[in-house]
Undergrad: 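I'd like to ask you about the structure that follows.
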Amino acid sequence: MPYVVTRSCCADASCVLACPVNCIHPAPGEPGFGRTEMLYVDPRTCVDCGACTTACPVDALKPHTALTEAELPFLEVNRAYYDTHPHDDRTPMALVPPQRRIRAGELRVAVVGAGPAGLFAADELLRHPGVRVTVHDRLPTPYGLARAGVAPDHQDTKQVTGVFRAIESQPGFTYRLNTRVGHDLRHEDLLRDHHAVLYAVGAATDRRLGIEGEELPGSVSATDFVAWYNGHPDHSAADYPLDGERAVVIGNGNVALDVARVLTADPEKLARTDISDRALAALRASRVREVVVLGRRGPAEAAFTLPELLATAALDDIDVLVEGWPADLPTDATPRTRVLSELAARPPRPGLRRLVLRFQTAPTRLEGGDRVTGLTVTRTELRTREGAVEAAPTQDTETLETSLVLRAIGYRARPVPGLPFDEDTGTVPHRQGRVEPGVYVAGWIKRGPTGFIGTNKSCAQETVEALLDDWDAGHLTDPTPGPAPAPHPDAIGLDGWRAIDASERAAGLRQGRPRVKLVDRERLLAAARATTRTTRSTRTGEGR
């Protein structure tokens with residue numbers, strides 16, 4: 001097999017379009033595109049040309065001769081996909097759909113949310129002449145979870161920000177960062193000044209466990225913990241109890257594995273990443289030696305992706321173990337359960353930090369007085385009901401001693417002022433992204449917290465198609481001239497963001513790191529203002 005996809009990728013189809021023999025699937029328009037864990041190279045038809053590697057924004061494709069030992073399992077992952085999905089009925093080249101033509105006139109759109117969903121939506125809109133997009137975000141920096149959610153040891157995944165930089169460099173694109181819609185600007189202001197408003201605000205909170213003791217100090221949200229070590233301005237000053245030898249993570253998705261890896265990682269390796277300096281100092285002083293990751297159901301139902309599991313299993317300085325896994329490989333084994341079975345068979349390696357994956361275990365109560373001292377858990381039995389596997393509690397309980405419990409059981413969106421909201425799904429009701437003509441949604445506020453970075457691209461495409469349909473049909477109201485709201489003095493535009501970005505990168509260069517993040521709002525604003533003063537001085541001749 002000449003080339004191999006080696007991780008969950010952005011799935012924006014750049015490599016699909018670059019491949020001259022159409023050997024990368026699922027491609028746009030095919031079942032599974034934007035929903036599978038990754039893309040796959042067909043070993044039967046790849047011609048070893050390397051075109052895909054030049055197109056991939058996150059360096060996910062490698063020739064088989066360049067694979068590390070930890071990446072060798074991806075040879076089988078790529079091959080196995082085509083055993084189930086042969087893709088025999090395909091044309092010899094990836095097809096580019098014809099460019100849609102929209103009716104003439106300037107179309108002005110406000111996008112609320114500068115994460116992947118919002119930026120992919122802006123990109124889809126700006127493909128059409130005459131469209132102008134202003135992207136708003138309450139934070140002083142864009143890119144959402146691509147900046148504040150991806151684990152610092154996944155710097156390759158963060159390379160997708162290069163795609164976002166290309167998007168924000170297009171004519172017709174502007175930022176209005178550090179601006180809270182509903183406070184600094186109202187929904188009505190956006191509707192008055194634009195033909196359409198597209199909300200891509202994501203899911204900013206986490207789901208609750210609903211068990212006794214959840215409010216005790218030491219019981220924390222993995223969402224907040226991830227934001228802390230990634231330097232999110234709202235969480236940068238937080239403190240977490242890292243003085244115990246064991247931490248417990250509840251949940252078995254990718255976020256749970258990210259948190260467990262960061263807690264057990266060698267701080268000196270993290271020091272070469274863009275992790276928050278405050279978090280790095282805390283992790284250097286941490287006494288945590290073991291992280292237990294709990295899942296209510298079994299290994300087959302785990303929510304983490306195969307690439308994430310393989311990356312975790314390949315860690316050579318952490319003892320990765322599986323508890324409660326049968327010694328015999330199931331007859332219906334999947335690539336994921338095969339990896340877990342191999343981990344379960346590993347002998348312990350004393351002296352290393354431990355990451356323990358423990359299945360069929362449900363939390364029932366957090367113990368402690370003025371802080372968490374333990375977590376009582378119950379063993380579960382798996383039952384199938386209406387085709388779904390459920391975890392039923394048993395009478396088998398135990399208490400794990402711990403001072404830190406992190407819940408990583410999913411994100412949840414907040415209601416958007418002025419929009420309807422479905423409390424059950426945590427989404428804004430819509431039809432193909434259309435809330436009503438002139439108001440649209442994309443990303444997690446539209447579909448719930450599912451999918452990968454690339455899923456936001458196909459999601460945004462659907463929403464933008466609905467918006468352009470309304471534009472062509474004359475259903476969008478023209479902006480209304482009138483008194484503008486008082487300008488927000490601390491709003492940050494594209495030049496301000498570029499100054500922040502340059503400042504962080506320059507500090508990183510001096511330390512041998514990708515960047516050193518500015519995590520305090522005032523320092524972020526100061527960096528943005530510095531370029532504003534410089535730009536004004538250059539334009540007016542001041543300071544000569």
Side-chain angles (χ1 to χ4, degrees), residues 10 12-14 17 55 57 96-137 139-144 146-147 159-179 181 185 189-200 433 438 440 442-443 456-457 459-461 463-472 476 478-479 481 484 487-488 491-502 505 528 531-532 534-536 538-539:
C10 63
D12 72 344
S14 298
L17 298 178
V96 179
Q99 176 68 46
R100 172 175 178 166
R101 294 183 180 275
I102 63 173
R103 72 179 177 90
E106 182 181 85
L107 171 60
R108 296 175 60 185
V109 181
V111 173
V112 183
L119 291 173
F120 281 135
D123 186 38
E124 292 300 319
L125 287 162
L126 292 170
R127 295 173 186 270
H128 305 280
V131 179
R132 303 187 66 82
V133 178
T134 302
V135 177
H136 302 71
D137 201 283
L139 294 178
T141 57
Y143 305 165
R147 175 180 168 97
Q159 292 182 55
V160 73
T161 57
V163 174
F164 301 151
R165 284 194 293 273
I167 293 171
E168 66 193 18
S169 297
Q170 297 179 72
F173 182 101
T174 57
Y175 271 135
R176 193 177 178 89
L177 305 173
N178 200 45
T179 302
V181 174
L185 278 176
D189 298 327
L190 295 175
L191 285 174
R192 182 198 62 209
D193 295 336
H194 301 84
H195 293 92
V197 183
L198 191 157
Y199 286 90
Y440 307 85
N456 292 295
K457 187 174 181 68
C459 175
Q461 287 172 335
T463 296
V464 169
E465 279 296 306
L467 189 159
L468 296 179
D469 286 344
D470 289 343
W471 168 251
D472 285 339
L476 303 184
D478 289 337
H488 177 38
I492 295 174
L494 179 56
D495 286 343
W497 156 239
R498 285 174 170 167
I500 293 170
D501 184 46
R505 287 173 178 270
T531 193
T532 302
T534 301
T535 301
R536 287 176 178 169
T538 302
R539 289 175 178 170

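Residues: numbered from 1 along the sequence shown.
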Undergrad: How close do Val464 and Ala121 get, heavy atom to heavy atom, and via which atoms?
TA: CG2-O, 3.7 Å
Undergrad: Do you know the tightest heavy-atom contact between Ala122 and Val133?
TA: CB-CG1, 3.9 Å
Undergrad: Testing the basics here: between Ala196 and Leu476, what is the closest heavy-atom pair and its distance to 0.1 Å?
TA: CB-CD1, 4.4 Å
Undergrad: For the pair Asp478 and Arg192, find out whether any cationic side-chain nitrogen is under 4.0 Å from an anionic carboxylate oxygen.
TA: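 No, no charged N to carboxylate O under 4.0 Å.
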Undergrad: For Arg498, what residues pass the salt bridge (charged side-chain N to carboxylate O under 4.0 Å, His left out) criterion, not counting sequence neighbours?
TA: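 Checked Arg498 against salt bridge (charged side-chain N to carboxylate O under 4.0 Å, His left out); zero matches.
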Undergrad: Measure the spacing between CZ of Arg165 and CG of Leu119 and express it to the nearest 0.5 Å.
TA: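 Those atoms lie 12.0 Å apart.
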Undergrad: Looking at side-chain heavy atoms only, is the closest gap between Gln170 and Asp123 below 4.5 Å?
TA: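 A side-chain contact exists here, since the closest heavy-atom pair is under 4.5 Å.
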Undergrad: Find the distance between NE2 (His128) and CG (Leu468) and round it off to the nearest 0.5 Å.
TA: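 Output value for this atom pair is 5.0 Å.
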Undergrad: Find the distance between CZ (Arg132) and CZ (Phe173) and round it off to the nearest 0.5 Å.
TA: 12.0 Å
Undergrad: What is the distance from atom CG of Leu139 to atom CG of Leu177, rounded to the nearest 0.5 Å?
TA: 8.5 Å
Undergrad: Output the distance between atom CG (Leu190) and atom CZ (Arg176), rounded to the nearest 0.5 Å.
TA: 9.0 Å
Undergrad: Would you find a donor on one side and an acceptor on the other, under 3.5 Å apart, between the side chain of Arg103 and the backbone of Trp471?
TA: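 Yes, the answer is positive, given that a donor and an acceptor are paired below the 3.5 Å cut-off.
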Undergrad: Between Arg100 and Asp469, does any side-chain N to carboxylate O distance fall below 4.0 Å?
TA: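 A salt bridge links Arg100 with Asp469.
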Undergrad: Can any side-chain N or O of His195 pair as donor or acceptor with the backbone N or O of Arg108 at less than 3.5 Å?
TA: yes
Undergrad: Among Thr179, Asp193, Thr174, exactly one meets side-chain hydrogen bond (donor to acceptor under 3.5 Å, both in side chains) together with Thr134. Which residue is that?
TA: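 Only match with Thr134 under side-chain hydrogen bond (donor to acceptor under 3.5 Å, both in side chains): Thr174.
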Undergrad: Before you tell me yes or no, could you show the steps for Thr141 and Asp501 under side-chain contact (heavy atoms from CB on, under 4.5 Å), namely the whole-Å CA-CA distance, both residues' side-chain angles and the distance that decides it to 0.1 Å?
TA: CA-CA 9 Å; Thr141 57; Asp501 184 46; over 6 Å; no
Undergrad: Classify the ring geometry of Tyr143 against Phe164: parallel below 30°, tilted from 30° to 60°, perpendicular beyond 60°.
TA: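 Judged by the thresholds at 30° and 60°, the geometry between Tyr143 and Phe164 is tilted.
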Undergrad: Determine yes or no for a side-chain-to-main-chain donor-acceptor pair under 3.5 angstrom, with Ser169 supplying the side chain and Ile167 the backbone.
TA: no
Undergrad: What's the shortest heavy-atom distance between Pro140 and Asn178, and which atoms?
TA: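 Distance-wise, the nearest heavy atoms are CG-OD1, 3.7 Å.
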Undergrad: Distance from Leu125 atom CG to Leu467 atom CG, nearest 0.5 Å?
TA: 6.0 Å
Undergrad: For Tyr440, which residues count as a ring-ring contact (aromatic ring centres under 6.0 Å, His included) partner, sequence neighbours excluded?
TA: none
Undergrad: What pair of heavy atoms forms the shortest contact from Gly115 to Asp137, and how long is it?
TA: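 Shortest heavy-atom separation between Gly115 and Asp137 comes out as N-OD2, 4.4 Å.
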Undergrad: Please report the shortest heavy-atom distance between Leu126 and Pro171, naming the atom on each side.
TA: CD2-O, 3.7 Å
Undergrad: Could Arg127 and Glu124 be called an ion pair, given the rule that one side-chain N must be under 4.0 Å from one carboxylate O?
TA: yes
